[in-house]
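These values consider heavy atoms only, across backbone and side chains, with no hydrogens, waters or symmetry-generated copies.
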Amino acid sequence: MTEAFHFWEERKCDEMGISVILLGFFIVVGFLMVLGPLHIVKKQGRGPLPFKSSLVIGSLLLTHWVLWLKGFYGWLPVRVADMLFLPVWVVLCGFGVILSGLEMKNNAAFAIPLAGFTLVSLIFALFLDGISQM
């Protein structure tokens, strides 16, 4: 009985370690998302307006985050929420990666935050998927 409890405690520590590592990663990416564009704008100026598709993907990702944080998916039936939540998030992240690569040629000051936001969203979605499968 004691060995099983000890194994469980070790497992909890491993999960907390991964959570802390992810938090540190999110903080570093957040700083880079802010400091990178500031440096680019300081050196090169504001640049042209971003593509409309990049703005749409960024706003859809932000809307998806707000819906998740407000608990919107909790109001939906479980099967519907499971069908919508992760696939929509991963598809939006895929489009975000593609469009941030295209946007880098046009407006790097907008592409870096879009890429960082997409990366954080994708890693967080995969983290939530991993937790939900436990």
Side-chain angles (χ1 to χ4, degrees):
M1 185 79 164
T2 311
E3 292 176 26
F5 182 73
H6 183 66
F7 173 74
W8 176 254
E9 287 298 318
E10 285 179 11
R11 182 80 175 159
K12 253 171 59 173
C13 291
D14 290 341
E15 292 167 10
M16 281 304 288
I18 292 172
S19 300
V20 170
I21 290 170
L22 278 177
L23 177 66
F25 176 75
F26 290 159
I27 290 171
V28 168
V29 169
F31 276 122
L32 291 176
M33 283 173 43
V34 172
L35 296 178
L38 287 177
H39 181 70
I40 291 172
V41 168
K42 189 176 175 183
K43 268 184 119 172
Q44 300 173 355
R46 185 164 176 222
L49 291 175
F51 295 131
K52 288 181 183 174
S53 54
S54 299
L55 290 172
V56 167
I57 289 297
S59 63
L60 285 174
L61 272 171
L62 184 64
T63 303
H64 199 61
W65 268 99
V66 168
L67 288 175
W68 181 75
L69 289 173
K70 290 289 185 176
F72 172 76
Y73 294 105
W75 294 346
L76 298 174
V78 174
R79 293 187 70 197
V80 174
D82 286 343
M83 283 181 14
L84 286 177
F85 179 68
L86 192 63
V88 168
W89 212 337
V90 171
V91 167
L92 285 175
C93 289
F95 282 132
V97 166
I98 292 167
L99 289 173
S100 63
L102 294 173
E103 188 70 47
M104 193 59 94
K105 296 176 185 174
N106 181 41
N107 188 349
F110 183 76
I112 292 173
L114 180 64
F117 191 47
T118 301
L119 180 68
V120 167
S121 295
L122 182 63
I123 290 174
F124 192 74
L126 294 175
F127 182 66
L128 285 180
D129 183 48
I131 286 177
S132 69
Q133 304 242 341
M134 288 183 155

Next on the checklist: Please tell me whether Leu92 and Leu76 are part of a single hydrophobic cluster in this structure, the criterion being side-chain heavy atoms less than 4.5 Å apart.
Outcome noted: yes
Item to check | side chain to side chain donor-acceptor pair (under 3.5 Å) pairs, two or more places apart, involving residues 24-34 | outcome: none
Checklist entry - Distance-only, no hydrogens or angles: does the Thr118 side chain make a donor-acceptor pair with backbone N or O of Leu114 under 3.5 Å? => result yes
Next on the checklist: Please enumerate all residues that pass side-chain hydrogen bond (donor to acceptor under 3.5 Å, both in side chains) together with Asn106, with sequence neighbours excluded.
Outcome noted: Glu103
Next on the checklist: Could you measure the distance from the CG atom of Asp129 to the CG atom of Leu86? Nearest 0.5 Å is fine.
Outcome noted: 4.5 Å
Checklist entry - Quick one: do Val66 and Met33 end up in the same hydrophobic cluster if we chain Ile, Leu, Val, Met, Phe, Trp and Tyr together by side-chain heavy atoms under 4.5 Å apart? => result no
Checklist outcome for this item: Taken to the nearest 0.5 Å, the spacing of Asn107 CG from Ser54 OG works out to 9.0 Å
Checklist outcome for this item: In this structure, CG of Leu61 is separated from CZ of Phe117 (nearest 0.5 Å) by 5.5 Å
Item to check | Hydrophobic cluster membership, Leu84 vs Leu128, 4.5 Å side-chain cutoff | outcome: yes
Checklist outcome for this item: Leu49 meets the side chain to side chain contact (heavy atoms under 4.5 Å, CB included) criterion, sequence neighbours left out, with Arg46
Checklist entry - Taking only residues two or more places apart in sequence or in another chain, which ones pass ring-ring contact (aromatic ring centres under 6.0 Å, His included) with Phe26? => result none
Checklist entry - If you round to the nearest 0.5 Å, how far is CG of Leu62 from CG of Leu67? => result 9.5 Å
Checklist entry - What's the spacing between Ile57 CD1 and Ser59 OG if we round to 0.5 Å? => result 8.0 Å
Item to check | Ring-ring centroid check His64 Phe72, cutoff 6.0 Å | outcome: no
Next on the checklist: Any non-hydrogen side-chain atom of Leu55 less than 4.5 Å from a side-chain atom of Phe110?
Outcome noted: yes
Item to check | Within residues 80-102 or reaching into it, pairs that qualify as side chain to side chain donor-acceptor pair (under 3.5 Å) - sequence neighbours excluded | outcome: none
Checklist entry - Measuring from Leu32:CG to Ile27:CD1, what's the distance to the nearest 0.5 Å? => result 12.0 Å
Item to check | Residues which pass ring-ring contact (aromatic ring centres under 6.0 Å, His included) with Phe124, listed by chain and number, not counting sequence neighbours | outcome: Trp65, Trp68
Checklist entry - If you count the non-hydrogen atoms of other residues, nucleotides and ligands that lie under 6.0 Å from CZ in Phe31, is the total more than 12? => result no
